[in-house]
4 protein chains.
Amino acid sequence: MPVPSPNLTPAFNILRLSHVELVVRDLAASKAFYADTLGLQVTYEDSDTLCLRAMEERGHHCIVLKKGDVPVANVMGFKVFSEEDIDRAETFFKGKGLPVSYVERPHQGRTLRTTDLFGVPLEFYHKMDRLPSIHQKYALYRGVKPLRIDHFNFFTTNVDESVAFWNEMGFRVTEYTEDSETEKLWAAWMHRKGGVHDVAFTNGRGPRLHHTAFWVPTPLNIIDLLDLMSTTGYLPNIERGPGRHGISNAFFLYVRDPDGHRIEIYCSDYQTCDPDLEPIRWDLKDPQRQTLWGAPAPRSWFEEGTVFPEVEVSEPSLKAQPIIAP
Amino acid sequence: MPVPSPNLTPAFNILRLSHVELVVRDLAASKAFYADTLGLQVTYEDSDTLCLRAMEERGHHCIVLKKGDVPVANVMGFKVFSEEDIDRAETFFKGKGLPVSYVERPHQGRTLRTTDLFGVPLEFYHKMDRLPSIHQKYALYRGVKPLRIDHFNFFTTNVDESVAFWNEMGFRVTEYTEDSETEKLWAAWMHRKGGVHDVAFTNGRGPRLHHTAFWVPTPLNIIDLLDLMSTTGYLPNIERGPGRHGISNAFFLYVRDPDGHRIEIYCSDYQTCDPDLEPIRWDLKDPQRQTLWGAPAPRSWFEEGTVFPEVEVSEPSLKAQPIIAP
Amino acid sequence: MPVPSPNLTPAFNILRLSHVELVVRDLAASKAFYADTLGLQVTYEDSDTLCLRAMEERGHHCIVLKKGDVPVANVMGFKVFSEEDIDRAETFFKGKGLPVSYVERPHQGRTLRTTDLFGVPLEFYHKMDRLPSIHQKYALYRGVKPLRIDHFNFFTTNVDESVAFWNEMGFRVTEYTEDSETEKLWAAWMHRKGGVHDVAFTNGRGPRLHHTAFWVPTPLNIIDLLDLMSTTGYLPNIERGPGRHGISNAFFLYVRDPDGHRIEIYCSDYQTCDPDLEPIRWDLKDPQRQTLWGAPAPRSWFEEGTVFPEVEVSEPSLKAQPIIAP
Amino acid sequence: MPVPSPNLTPAFNILRLSHVELVVRDLAASKAFYADTLGLQVTYEDSDTLCLRAMEERGHHCIVLKKGDVPVANVMGFKVFSEEDIDRAETFFKGKGLPVSYVERPHQGRTLRTTDLFGVPLEFYHKMDRLPSIHQKYALYRGVKPLRIDHFNFFTTNVDESVAFWNEMGFRVTEYTEDSETEKLWAAWMHRKGGVHDVAFTNGRGPRLHHTAFWVPTPLNIIDLLDLMSTTGYLPNIERGPGRHGISNAFFLYVRDPDGHRIEIYCSDYQTCDPDLEPIRWDLKDPQRQTLWGAPAPRSWFEEGTVFPEVEVSEPSLKAQPIIAP
C-alpha cells in the first residue's frame, strides 16, 4: 500500500487546521465576497486587514485578508493542543532542518512560524482571542451559512513525500488516489480533527495552495449560494460543481474569490477518528473519484492555485494525466 | 413582441398534459429505471405493456411503456375539462385539416387521436380510470419521489409556427427565447395548468420529443437521485445538471432512460395562472438562460431526441447556434 | 356525501385569491415582522399604509397593512379572469341580495366590493399594477423566502352553508372533515387555482379570518424561519408546528403577527385541477387529520382569529369538539 | 462555575462511544423498526441476536439487540485508542474500586467490562470486526438515512458527581444546565470525539439510559422519518419533536422503539475539539434550552427511560422541576 501507516504518537499534538492568511488587492471587494456573499462574519477591520470567522467558531479568525499587490497565501495556521505542543513543534521542525521563528500575530498568543518539507508556510499556536458564540444568532446567518473552516488542499510536486512528512506530524490518511501505473500517489487526504481531512495534497506544480474549504449545514445551502452568486455579479466566480465527491462523499462547490483564491464549500463527509480506519483507495483513471456523478473538473481546477510568497514553484514529479473536462 | 397574444377563449378546454406513451425495447430494464430508480408506481403490467403513475396522481397512468424494437414516442396525451371538450377538439382539428380518429385506449374513456400542425401525435380524453390516492403512503416513496408529470418539450422545425398553433389551443406563453438577429423564436414555454409550462418548443430537427418532465418535492430529492443513479449502474444515464434554470427558475436534472428517451426531473417553478402574465424574454446569446449558474448544455442535449412513428424529421428553419458545452 | 357536486360552470370566473388587507396598530412593528422576518417585499409605504408582495408575484400587493386601532381584516381580495367577470360578479351578488359597490383601491383597477353569505368582506378585480419580476433576484430573498400568497381560511358558523355558497362561485372541494355523528361538515378546503385550496372553512365563532397562508420553496425554509423567529424576539409568535398536515399533506407552520393576525407558512401540497378529483374525506375524530404526525393543535388555534369590521360574530351551529392539545 | 476543568490528560484514551446492547422482546418487531423504518443495516442475525450498523460505520455494530423478556440496556460500549488503553482502563476502574472483568463479545476483540460510579454498565474495546464501507452504496439508504451513532444520554441521581467521574475519564463538558437556586447541575453534555457530546447526564431517577442518538445528513431526513412512521403504524412511537435544540443547536426528533427504548435522531451540532472551548451555561428556567422554538418536552420524556439489569434505580438528589408540556 502506497500510504504509510499512521503515526499514532506524533511528536506534538496538532488539534486541527485553524486559519489561512491571503493577500488580496481590494479589501472592499473581498469583504463583499467573503462577508456579504459567502456569509462569514467580520471580526476585525482596518485599512489593510480584514479578519473573519464562521458561524460556529469562537476563535477570532479563520481567514485573514491582507491588502497587497500580489495575491499570495502568506501562511496556513494550525491550532495545537497545548502551549507545550508549541515547544514540541519547535523541536520537531528544527530536527528537520526547517526554519523556525516566533512571530507576533494579532489576536493570537505565542505563535511558531515554520514550513513543511517543501516550503509551505505554517504557523502553530494554542491561544487565540475568543469571541462570544454566535451559532444561534440566526439573524446573522446569510449567504451559504458557513459554519467552520474545514480543510486546506495543496498542490505538491511529490505527494508521496508530502504525505510521509505530514504523516509524521500525526495527520492520518483517510483516502488517496493512486496512479496504478507507477504505484505513486496522485493525491491524498489526511486528518487530525476527525473528518475526512484537515489537509490534502494533489500532484501539480507546487507547492501552492489549491483551496481552502468551509463546512456548511446542507447541500441546499450550496444551491442557495449558486443562486445568489449567479445573480449578483459573481457568475464568473463559479468554477466547478455542485456535485457529490467520490473521494470523501462530500457535497461540494468550488468558487474563486475576486483575486482568484479558490474556496470550496463542503458538507456531509464522514467521521474518521478511529486510528484503525482503513484508507480508501481510488485509481487515477476512475471517473467517479472526483465527482461521483462523473463530471470531470475543468482545466483551471487542475492548473490554477495560489502561490506562497518567495516559495519557488516546481513541476510535479508525477506526469500522469487526470481526466479533464473538455 | 414575437409571441402572440394569449388566446383566452380557445375552442376547447385542455386541462393539462396527461401522459406519454414510449416504446422501449426491454420492459424489465425500463421497469428498473422508472419504478425502482425514479420511483414511479407500476399500475399495470403485462408482457408488452407497463403503466406507471407518480405519487400524487390518481389517474391510472402518466407514462405508458410499450415493448417494441424502435424507441419512438407513440403519443402525447392531454386531459380535457369535459366530455364535450372532446367533441369541440374534434371540430377544431378537423377545421385545421388534421387527421382525427377515435381510439380504444386501455384505462381511458373516449379518446380522440390527432396531431398538431407538424405531426406531433396527440390524444385528448376526459375520463381515465381512477386509482386510490397514495400521496400519503410514505412507505411507497422512493428514488426521486416523483409527484406528478409536469411537461413535455418538443423539438420543432419552426417555433413561431408551433407557438401560433398551440396558442390557438389555449396554451399561453410564459417565457421565450428570441434570436435577436432574426427576431424569430428559438424556444417557447406554454402552459394550461398554471405552472411555467405543459409544453415547450425548442428549435431543432423535428418534430421530435425532447423530453418529458416530472415534478419532485425539493432539490434534495434530485441530489438523492444523482447519488442513487451514479452508484447503481446508471452513471451514463446522467446527461445534464443538476442546476437552476434561467428560464422557469426551476431546479433541474436531465437523465436518459435505457432507450435514450430523455426525462427531466424538475421543481420550484412559479405560478402563471394570471392571463395578463407578461411572458419573460431571453436572448439566445444569454449564457444564463438555460442554467442560471452558467454551465452550457452538452451537445447531446441539443441534438438527441425521440422521434414519433412515421413522422418525418426535417431540418429547422432557424440556423442560429446556441452555446454548447465543449 | 356531504359536499356538493362541483359547479363547473360558475357565473363568473375567479382566477385565484389575491390579497388581504389587515389593520395593524404599529406599522414599524408589522414591517419588522412581514418584511424583515418573513421576507415579503415592501412595494408601497406611507404613514398609514404598507403594501407587500411575495417573491414570485408580479402584482403590486398580496398583503396591505393599514394603520388603525383595532386589528381587523378589512377585505379579502380575489382576482377574476377578465373585466367582464367583474360585471358578472356584480350580477351574481346582487342576485343573492348581497350588497355591492365599486371602490377606489390604490394600485388596483375597477374593483367590486361585496360580501359572502355570512358577511365576509370580498373584493374582486382584474387589473392590478404590475411590478418587475424579482423571483431571480436572489439577493432579495430572506426570512422564509415566501413565494406567493396561497390561501385564506375562515371560521364560519355553518360550514355546509359556506361551502354551498362558495361552490356556487366555482370553488371546488378538495378535502373536508365530516362530523360523522351529525353528518355535517366540520371543515372544508376549496380551490380555484389548482392547489389544495384558495379558501377553507372551519367550524367556529364567525365569520372571522382564521389565517392567511404563504407558499415557500421547501420545509427547510420553514425551519429557517423558526430558528430566526426564536432568536430575534418572536418566540411568542410561534403558535403551532412545524408539522405535516394530514389534510392537504402540506408541511406547515402557524405564526401570529404583532397584532395577533395568524399567518401560515405552507409548502408541498398537490395538484387539483382535474374537475373529477374526488374530495378526500376525514373524520373529525381522526387524530392525524390536522397533523399527520399526530400532535393536536393548541386551544388558541381553534379559538383565536381576526374579525371583520362591523360583522357580528356568532356561535357556530356545530357543537362537536375537535381534539385540542392539553 | 459548577463544571470541573476538563481533564486534558486522562488515564486512558477513550476515542468515542461505540454501541449499545438493548434487550427486546420481539426481534422481528425490532428489525422492522431499526432496519426497515430507521434504516440501519443488519450485520448479524440469529434467533436471539440482531446486530446493526449505520451507513458510514465500518465497525460491525453500533446497536446489538438481544431477545429477552425485560427490555433493559445491557451495556454501553466505547472504543479506546489502542489495546494498551484497555489495560490503562482496567487500572483506572480498579483504582476506583469498581468491578472489572474481561468478557467474550462476538465480533469484538479484547473487551473490558466495568461500570461507572453509579453502576452504568460499560465496556471498552479497541478492535471490532471491520466491514466494507457502504456509505456510497446509495441503493441501501432508507428511512432516516442514519450515518453513525452519535451519543448516549443517561438519567443520573447526581449530575455533579457523574460529571466529575466522566470528566476524570477525559470527557469534556460542552454545555450544561444549572439550577440557579441550588447552583447544582441539572444536566451536562460531555464529549470525546469532537461533537457536542458522546455522553450526557440528566437529573432523574437513575441510573437509567435516557436515549441513544443517531446522526443523519439533514433535517429533511428527519421530516421523511416522521412522514414514514406516521403512515406505517408507528404514530404512537413519535415522542417529541421535530425541533431545534437550544442546547447543542442540533435539529432533533425523539422516538420510542417497540420496547420503549428511546432513540434520538440528531443533526447539525458543532465542532468542539478545542480543549479551551468554553462550556455554554443554560438556566433550568430557560424555556429555550431544550427547544429553541420553545415547546416543552412531554412528561414521558422526563420520566421514562431504560433500566440497566440489576442496577437499582434511586430518586435524584436534585428536586428542581423542569418545564413540562401540559
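Proteins come first, then strands; the chains are lettered A, B, ... in the order of their sequence lines, and each starts at number 1. Because only heavy atoms are used, hydrogens play no part in the values below, and waters and symmetry mates are left out as well, while side chains stay in.
- Checking each of B:Q136, B:H135, B:K137 against B:S133 for a side chain to side chain contact (heavy atoms under 4.5 Å, CB included) leaves exactly one that passes, namely B:H135.
- Side-chain rings of B:F78 and B:F152 approach one another, their centers coming within less than 6.0 Å.
- Heavy atoms of D:D36 lying under 4.5 Å from chain B are absent altogether.
- For the residue pair D:H61/D:Q108, the side-chain donor-acceptor check at 3.5 Å is satisfied.
- For D:T37, no part lies under 4.5 angstrom from a heavy atom of chain B.
- A side-chain N or O of B:H191 and one of B:T272 form a donor-acceptor pair less than 3.5 Å apart.
- Contact annotation for residues 228-261 of chain B against chain D (heavy-atom separation below 4.5 Å, listed by residue number): B:L228, B:T231, B:T232.
- Contact record, B:P146 with B:A54: O-CB, 3.5 Å, taken as the closest heavy-atom pair.
- With salt bridges taken as basic N to acidic carboxylate O contacts below 4.0 Å, none links D:D198 and D:R192.
- A donor atom on one side chain and an acceptor atom on the other are not found under 3.5 Å apart for B:H210 and B:E264.
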